[in-house]
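Chain naming here is simple, since letters A, B, ... match the order of the sequence lines and numbering starts at 1 in each.
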2 protein chains.
Amino acid sequence: MGDTVQMPFTETRPVPEAPIEPVCCAPASREAIGTDEAERLARLLKAVADPARLRLVSLVAAHADLEACVCDLTEPLGLSQPTVSHHLKVLVDAGILTRDKRGTWAYYRLVPGALGSLAERVLGL
Amino acid sequence: MGDTVQMPFTETRPVPEAPIEPVCCAPASREAIGTDEAERLARLLKAVADPARLRLVSLVAAHADLEACVCDLTEPLGLSQPTVSHHLKVLVDAGILTRDKRGTWAYYRLVPGALGSLAERVLGL
DNA sequence: CCCATAAATTGACATCCATCGATGCAATGG
DNA sequence: CCATTGCATCGATGGATGTCAATTTATGGG
């Protein structure tokens with residue numbers, strides 16, 4: 001601990017705007033997003049970062065009255081009914097779809113602003 | 001095989017616009033996205049659907065000259081250097097970041113239109 | 001030359017996740 | 001009251017994924 005050794009090396013890297021900085025890290029000019037915000041956003045993105053779920057969202061949005069039941073979605077997706085129900089649950093839990101059970105059927109519907117700009121621009125809905 | 005049994009049940013569901021439909025599935029009014037398009041989009045979304053990678057993108061965008069090396073990102077992320085390098089590789093492979101090695105350091109930079117509306121609107125960059 | 005530093009790669013590990021078959025449960029019609 | 005249909009849940013399973021320690025590779029300085 002009582003070493004009198006000077007800093008062994010510590011190369012200086014050419015910092016573009018602030019040439020006084022002794023070490024690597026130049027300071028950020030703006031604020032980056034926090035960990036909690038990142039986790040919240042990641043949860044939403046994970047919900048749609050799947051081919052089956054993207055197609056589900058698109059299929060529901062493309063359907064006649066903007067709603068669809070599981071039996072409407074199983075065949076065009078080419079997946080088993082339990083798998084489709086699983087994906088729908090993920091989307092509902094993420095706040096992207098709503099579930100409305102009427103009689104024997106369960107109708108799924110898009111939550112209007114849930115996907116933000118994603119739906120209108122990226123997905124072209 | 002030679003059964004003469006009639007259709008056993010086949011309940012009719014109230015279809016909102018087309019009351020003639022005999023079975024469940026009402027036709028889609030618009031086209032849904034295809035499987036290949038869904039997979040392509042899902043790959044891009046998977047790349048950012050992670051808290052660490054979201055913060056990496058945000059940190060790079062918030063940095064002084066809009067570029068940053070690994071040593072700039074390891075500490076604020078609180079992850080090991082190999083893990084940060086791994087996430088950066090995922091982002092580069094997805095076409096979201098570019099890697100430019102100058103000397104000992106590797107500088108990462110945002111690809112302008114890669115995230116589409118995601119960057120400007122959802123991430124607030 | 002050898003060493004120090006930056007970063008990528010490797011290997012291992014734990015966890016998550018997409019998928020399916022089987023089962024359970026609710027509602028509806030006969 | 002039973003059979004059928006739509007849908008959710010359970011259990012299992014194979015594959016992807018996030019993380020780290022250890023190692024390797026590249027670069028530059030003494």
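- Here Arg53(A) lies in heavy-atom contact (under 4.0 Å) with sugar-phosphate atoms only.
- Both Lys46(B) and Lys101(B) sit near DNA chain C, but only Lys101(B) has its closest nucleotide nearer the 5' end.
- Counting heavy atoms from C-beta on, the side chains of Val57(A) and Ile96(A) come closer than 4.5 Å.
- An OP1 or OP2 oxygen of dC7(D) is reached within less than 4.0 angstrom by no side-chain nitrogen or oxygen of Arg99(A).
- With respect to Asp93(B) and Lys89(B), a salt bridge is recorded, a charged nitrogen being found less than 4.0 Å from a carboxylate O.
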Open item on the list: Run the side-chain contact (heavy atoms from CB on, under 4.5 Å) test on Leu56(A) and Leu73(A) for me, step by step, so that the C-alpha distance in whole Å, both residues' side-chain angles and the decisive distance to 0.1 Å come before the verdict.
Closed with: CA-CA 7 Å; Leu56(A) 276 178; Leu73(A) 305 166; 3.8 Å; yes
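- Within 4.0 Å (heavy atoms only), Lys89(A) reaches sugar-phosphate atoms of the nucleic acid but no base atom.
- Regarding Leu73(B), its CG atom lies at a distance of 13 Å from the P atom of dA6(C), rounded to whole Å.
- With Arg53(B) contributing its side chain and Ala47(B) its backbone, the two residues share a donor-acceptor pair below 3.5 Å.
- In terms of phosphate contacts, Ser80(A) brings a side-chain nitrogen or oxygen within less than 4.0 Å of OP1 or OP2 of dC20(C).
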Please write out each protein N/O paired with an N/O of nucleotides 13-16 of chain C under 3.5 Å, distance rounded to 0.1 Å.
none

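- Partners of Lys101(A) under the salt bridge (charged side-chain N to carboxylate O under 4.0 Å, His left out) rule, at least two apart in sequence or in another chain, do not exist in this structure.
- Summarising the geometry, the separation between CG on Leu91(A) and P on dC7(D) is reported as 16 Å, rounded to the nearest angstrom.
- The closest donor-acceptor contact from the side chain of Thr74(A) to the backbone of Val70(A) lies under 3.5 Å.
- Closest approach to the Leu79(B) side chain among dA7(C), dC20(C), dC20(D) is made by dC20(D) (side chain taken as heavy atoms from C-beta onward).
- Relative to the six-membered ring of Tyr107(A), Arg102(A) meets both conditions, a distance below 6.0 Å and an angle of at most 45° to the axis.
- The phosphate of dC17(C) has neither OP1 nor OP2 within less than 4.0 Å of any side-chain N or O from His87(A).
- Distance NE2 (His86(A)) to C1' (dA12(D)): 14 Å, rounded to an integer number of Å.
- Regarding Leu54(B), its CG atom lies at a distance of 14 Å from the C1' atom of dG18(D), rounded to whole Å.
- Look at CG on Asp50(A): it is 6 Å from P on dT19(C), rounded to the nearest Å.
- For the pair Thr83(A) and dA18(C), the criterion of a side-chain N or O lying under 4.0 Å from OP1 or OP2 is not met.
- Distance Arg43(B) CZ to dA16(D) C1': 14 Å, rounded to the nearest Å.
- In this entry the distance linking CG of Leu88(A) with P of dT19(C) reads 12 Å, nearest Å.
- OP1 and OP2 of dT27(D) both lie 4.0 Å or more from every side-chain N or O belonging to Thr104(B).
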Any protein N or O atoms within reach of nucleotides 22-24 of chain C? Criterion: under 3.5 Å, listing atom names and distances.
none

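- Put simply, the side chain of Ser58(B) gets close to the backbone of Ile33(A): a donor and an acceptor are under 3.5 Å apart.
- For the pair Asp50(B) (side chain) and Ala52(B) (backbone), a donor-acceptor distance under 3.5 Å is present.
- Both Leu44(A) and Leu91(A) belong to a common hydrophobic cluster when Ile, Leu, Val, Met, Phe, Trp and Tyr are linked at side-chain heavy-atom distances under 4.5 angstrom.
- Here dA7(C) presents its C1' atom at 8 Å from OH of Tyr108(B), a figure rounded to the nearest Å.
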